[in-house]
J.: 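The following block contains the structure, expressed as structure tokens.
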Protein chains: 2
Amino acid sequence: MTLKDLARELGVSTATVSNAFNRPDQLSPALRERILGEARRLGYRGPDAKARSLRTGRSRIIAVILAESLTYSLNDAVASELLSGVAEVLDAQGHTLLLLSARQMQSELPGAASMADGYIVYGLMPSQSLLETLPTQAPLVAVDFDVTGRPSIHVDDEHACYTIARHALRRATRRPGIINLRLTAEACNGPIAPDQRLLSAEQTITRSRLTGFYRALDEAGHDPAAVPMWNIEENTFEVCAPVIEPILDLPDDKRPDLLLCVSDRIALTALTLAEDRGLRIPEDLRLTGFDGIAEGQYRAPRLTTVRQDSVEKGRMAARMILGLTPPASSLLSTELLIGDSCP
Amino acid sequence: MTLKDLARELGVSTATVSNAFNRPDQLSPALRERILGEARRLGYRGPDAKARSLRTGRSRIIAVILAESLTYSLNDAVASELLSGVAEVLDAQGHTLLLLSARQMQSELPGAASMADGYIVYGLMPSQSLLETLPTQAPLVAVDFDVTGRPSIHVDDEHACYTIARHALRRATRRPGIINLRLTAEACNGPIAPDQRLLSAEQTITRSRLTGFYRALDEAGHDPAAVPMWNIEENTFEVCAPVIEPILDLPDDKRPDLLLCVSDRIALTALTLAEDRGLRIPEDLRLTGFDGIAEGQYRAPRLTTVRQDSVEKGRMAARMILGLTPPASSLLSTELLIGDSCP
DNA sequence: CTGAAAGCGCTTACAG
DNA sequence: CTGAAAGCGCTTACAG
């Protein structure tokens, strides 16, 4: 049953039926009621979305492209919050959310991806070729990295990390250490060698976080270049644990007494592993995170961290993509949460 | 730039260009190469997905309809795992995932939802009217509830809960209690009164879980009808906590010494709150969960629970929707994980 | 307020 | 192996 069938059935033109569904002001309320009533009676569920999208050029679909695999992103609290924010705005505007992973679109867009009316790209900077496969006219917003000529949404990573490190360094600290995430140009899950090449601040947010840590360390009289650093490839317990275990297993006089972690996931993994080993938190080891996820706050000891509002990031991106807000890069502020892991 | 433009440019018919992209066997490799090369050169990115979907009737989009809000589902470990499994299969088949919430489609399908080639409906049974708005010819798979005439995917909830309760009741238990989820017909966040109406096993999986608990309780010499029960409306810390706090705050001789919880989230909330109160686990209170989420296993004390493979549930649903597997209801088995919360 | 007609960009039998 | 043509189901200026 198509719109045309319905029009024939009712003895009106297809334009009138279309207007009944899309432009109530274009026909009399009485006629509109008759058309809608008859449609219901005959089981016509309204204009076909595929045909409508071809005709109007708009699909009412917004795609979110996640840098990581969907499996990772869906299980990551921060990415999930971002998606919540996006979904909230899209729902309210009658749009729907298509989920894509940059991992699966190395060469070409899968099936329906090119149908989207706009793209929100989240996480690490994807390859240039991926960005080129996207329709050029479609709006695009980058979240947590930059694409030249396109608006991007960030939190104040550097300032946040400066603030939390300064807080941590108020207490006497002998051996600070930094655990990074996706910071090195080449894959590296373990200690970062001094000569290792790092991604730029445009490519990864953790570079700015490191800059913030360095500024606070420098001010506190530590030589940043002498502070040991580790890198983690994926923000999960399984990938974090093998990097963190050897750190915690160092002898008492070598083990860091402060670990500045660029994510809550890293800090929580360190916390769990430290507890397993009977280390006292914060006496033997102080830990800071980043993100402010629930899991770090609804536990004892509570995590000292920086809260970023990922839901709001998602909302902003969605509003921009839908044109509710003019496209413009913006920087959200964060909030220091002082918990028990680093009082 | 359209397929037609490209055909004109090359001096071939549109059919040939279409075949170059879709049916390599229908033209000579040389011509195909020329067409694809020229397309790249001229910036033609391949056939338009909207037009193709209208023409072929298939969009290569599969919709997952989540009973709960997207915000909740995206932050729930179990739902996220299911989505991972779905996404994994869809990706491999060149399909994409559209995310919908039953909450937002009470009356009508939003924008592009009707475009999907198939529907995976997850969680609580949605209203009949919602199911009626879906295209009748499109395949549909229900996960964790039943829709008459459609295949459904379940885990062996009853057997799993019988098993874990039997394990727990091996130790002397004076005052068992059960904390349920979305079990009552009317909203209820607190104690369940004896006369309260419960949802049926077709509507909510927790009814089958309760049946399993009851069987083990009965076998262990407890009168199930005398076991106190609570219901929780949403599987989050914030909603669980106000129900659990009063339970833990009961005097020592009234407080349950075993809490059978129908989800890990509930059990973990109880665990955290019990730790806050200085209760010893498992000496003062034993706790069991359901799901086997990472958060319950990567902590001390480790949660005693039943692991269900939600990723596999998602994969099965996706395979069925894509026709890789014949549509048939199935029941996945679970695994008892004995942790420290109820040794 | 209503209707006839063009056309969105493709794919696919079908004829050659 | 290639091409001319129909048509997927709509929406939208435009004419009346």
Side-chain angles (χ1 to χ4, degrees), chain A residues 1-36 38-39 42-61 94 109 111-117 135 137-138, chain B residues 1-36 38-39 42-61 94 109 111-117 135 137-138:
Chain A
M1 165 127 258
T2 68
L3 184 146
K4 203 169 155 191
D5 297 333
L6 182 60
R8 196 186 312 111
E9 197 77 30
L10 283 156
V12 299
S13 77
T14 59
T16 301
V17 177
S18 175
N19 285 333
F21 281 97
N22 301 313
R23 304 173 156 194
D25 56 310
Q26 298 287 59
L27 73 175
S28 68
L31 179 56
R32 177 160 191 256
E33 271 319 301
R34 187 160 80 89
I35 292 173
L36 263 36
E38 201 69 359
L42 296 171
Y44 177 69
R45 290 174 158 86
D48 177 84
K50 298 186 194 86
R52 168 186 277 171
S53 73
L54 172 58
R55 181 54 234 232
T56 63
R58 308 203 311 107
S59 62
R60 297 178 157 269
I61 290 175
L109 287 184
S114 63
M115 220 152 60
D117 292 340
Q137 355 59 283
Chain B
M1 164 126 263
T2 68
L3 184 147
K4 203 169 154 192
D5 298 332
L6 182 61
R8 197 185 313 111
E9 197 77 30
L10 282 157
V12 300
S13 77
T14 59
T16 302
V17 178
S18 175
N19 285 334
F21 282 98
N22 300 314
R23 303 174 158 195
D25 56 309
Q26 298 287 62
L27 73 176
S28 68
L31 179 56
R32 178 159 190 258
E33 271 318 301
R34 187 160 81 88
I35 293 173
L36 262 36
E38 201 68 358
L42 296 171
Y44 178 71
R45 291 174 157 86
D48 178 83
K50 297 186 195 85
R52 169 187 276 171
S53 73
L54 172 58
R55 183 53 234 235
T56 63
R58 308 204 310 107
S59 62
R60 296 178 157 269
I61 291 175
L109 287 184
S114 63
M115 220 152 60
D117 293 339
Q137 354 59 281

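Each chain gets a letter, A, B and so on, in the order the sequences are listed, and its residues count up from 1. Everything numeric in this text was worked out from a predicted model, so none of it was measured.
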J.: Classify A:Phe21 by what it touches in the nucleic acid, base, sugar-phosphate, or nothing, heavy-atom distance under 4.0 Å.
T.: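 Since no nucleic acid heavy atom lies under 4.0 Å of A:Phe21, the category is nothing.
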
J.: Among C:dG9, D:dT12, D:dC10, which is the nearest nucleotide to the side chain of A:Ala51?
T.: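 My answer, after comparing the listed nucleotides, is D:dC10.
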
J.: Counting just side-chain N and O atoms, does B:Arg23 come under 4.0 Å of either OP1 or OP2 of C:dT12?
T.: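 Answer yes for this pair, as a side-chain N or O of B:Arg23 is under 4.0 Å from OP1 or OP2.
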
J.: Mark yes when over 12 heavy atoms from residues, nucleotides or ligands other than B:Arg34 sit less than 6.0 Å from its CZ; otherwise mark no.
T.: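 Not more than 12 within 6.0 Å, no.
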
J.: Which residue, B:Leu54 or B:Thr16, contacts DNA chain C at a nucleotide closer to its 5' end, judged by nearest heavy atom?
T.: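 In this pair, the answer is B:Leu54.
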
J.: Give a yes or no answer on whether the side chain of A:Ser18 reaches the backbone of A:Thr14 with a donor-acceptor pair at less than 3.5 Å.
T.: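 Pair absent, no side-chain N/O of A:Ser18 close to backbone of A:Thr14.
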
J.: From CG of A:Leu27 over to P of C:dG3, roughly how many Å is that when rounded to an integer?
T.: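 Roughly 10 Å, once rounded to whole Å.
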
J.: Whole Å only: how far is the CZ atom of A:Arg52 from the P atom of D:dC8?
T.: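 Going from CZ in A:Arg52 over to P in D:dC8 covers 19 Å.
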
J.: Tell me, do A:Pro135 and B:Arg45 make a side-chain contact under 4.5 Å, heavy atoms counted?
T.: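 No, side chains not in contact.
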
J.: So which one's nearest nucleotide on DNA chain C is more toward 5', B:Thr56 or A:Thr56?
T.: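 Between the two, 5'-proximity favours A:Thr56.
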
J.: Between C:dC10 atom C1' and B:Arg8 atom CZ, what is the distance in whole Å?
T.: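 Result: 15 Å.
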
J.: Verify side chain to side chain contact (heavy atoms under 4.5 Å, CB included) between A:Ile35 and A:Leu27, making sure each step is shown before the conclusion.
T.: CA-CA 11 Å; A:Ile35 292 173; A:Leu27 73 175; 4.0 Å; yes

J.: Return the pairing partner of C:dA4 with a 3.5 Å limit on both distances, Watson-Crick or G-U wobble; otherwise return none.
T.: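 Answer to the pairing question: none, since C:dA4 forms no Watson-Crick or G-U pair.
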
J.: Of all the nucleotides listed (D:dT2, D:dG3, D:dT11), which has the minimum atom distance to the side chain of B:Ser13?
T.: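 Closest nucleotide to the B:Ser13 side chain: D:dG3.
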
J.: For C:dC10, does OP1 or OP2 lie under 4.0 Å from any side-chain N or O of B:Tyr44?
T.: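 Yes, because at least one side-chain N or O of B:Tyr44 sits under 4.0 Å from OP1 or OP2 of C:dC10.
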
J.: Could you tell me which nucleotide pairs with D:dA13 by Watson-Crick or G-U wobble geometry, both distances under 3.5 Å, or answer none if nothing does?
T.: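 Its partner is none (no Watson-Crick or G-U wobble pair with both distances under 3.5 Å).
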
J.: Just the rounded figure in Å: distance from C1' of C:dC10 to CG of B:Asp5.
T.: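 Whole-Å distance recorded here is 12 Å.
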
J.: Round to the nearest Å and state the distance from A:Leu3 atom CG to D:dT11 atom P.
T.: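 Checked: the CG to P distance equals 6 Å.
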
J.: If you compare all heavy atoms of A:Ala112 against all heavy atoms of B:Ala49, which two are closest, and at what distance to 0.1 Å?
T.: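 A:Ala112 and B:Ala49 have their closest heavy atoms at CA-CB, 4.4 Å.
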
J.: Determine whether the side chains of A:Thr2 and A:Asp5 contain a donor N or O and an acceptor N or O closer than 3.5 Å.
T.: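 Short answer, yes.
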
J.: Strictly below 4.0 Å: does A:Arg55 bring a side-chain N or O up to OP1 or OP2 of C:dA6?
T.: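 Answer is no, no contact under 4.0 Å.
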
J.: Please report, rounded to the nearest Å, how far the C1' atom of D:dC8 is from the CE atom of B:Met115.
T.: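 Atom CE in B:Met115 sits about 15 Å away from atom C1' in D:dC8.
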
J.: May I ask you to say what B:Asp25 touches in the nucleic acid, namely base, sugar-phosphate or nothing, with a heavy-atom cut-off under 4.0 Å?
T.: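 Answer is sugar-phosphate: B:Asp25 comes under 4.0 Å of backbone atoms only.
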
J.: If you compare every side-chain N and O of B:Ser18 against the phosphate oxygens of C:dT11 (OP1, OP2), does one of them come in below 4.0 Å?
T.: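 True: B:Ser18 side-chain N/O within range (under 4.0 Å) of C:dT11 OP1/OP2.
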
J.: Can you tell me how far C1' of D:dG3 sits from CD of B:Gln26, to the nearest Å?
T.: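 Value for this atom pair: 13 Å.
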
J.: Expressed as a whole number of angstroms, how long is the span from B:Ile35:CD1 to D:dT2:C1'?
T.: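 My rounded result for the distance is 10 Å.
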
J.: For B:Ser28 and A:Asn22, take the nucleotide of DNA chain D holding the closest heavy atom to each; which residue's nucleotide lies nearer the 5' end?
T.: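 Looking at DNA chain D, the more 5' nearest nucleotide goes with B:Ser28.
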
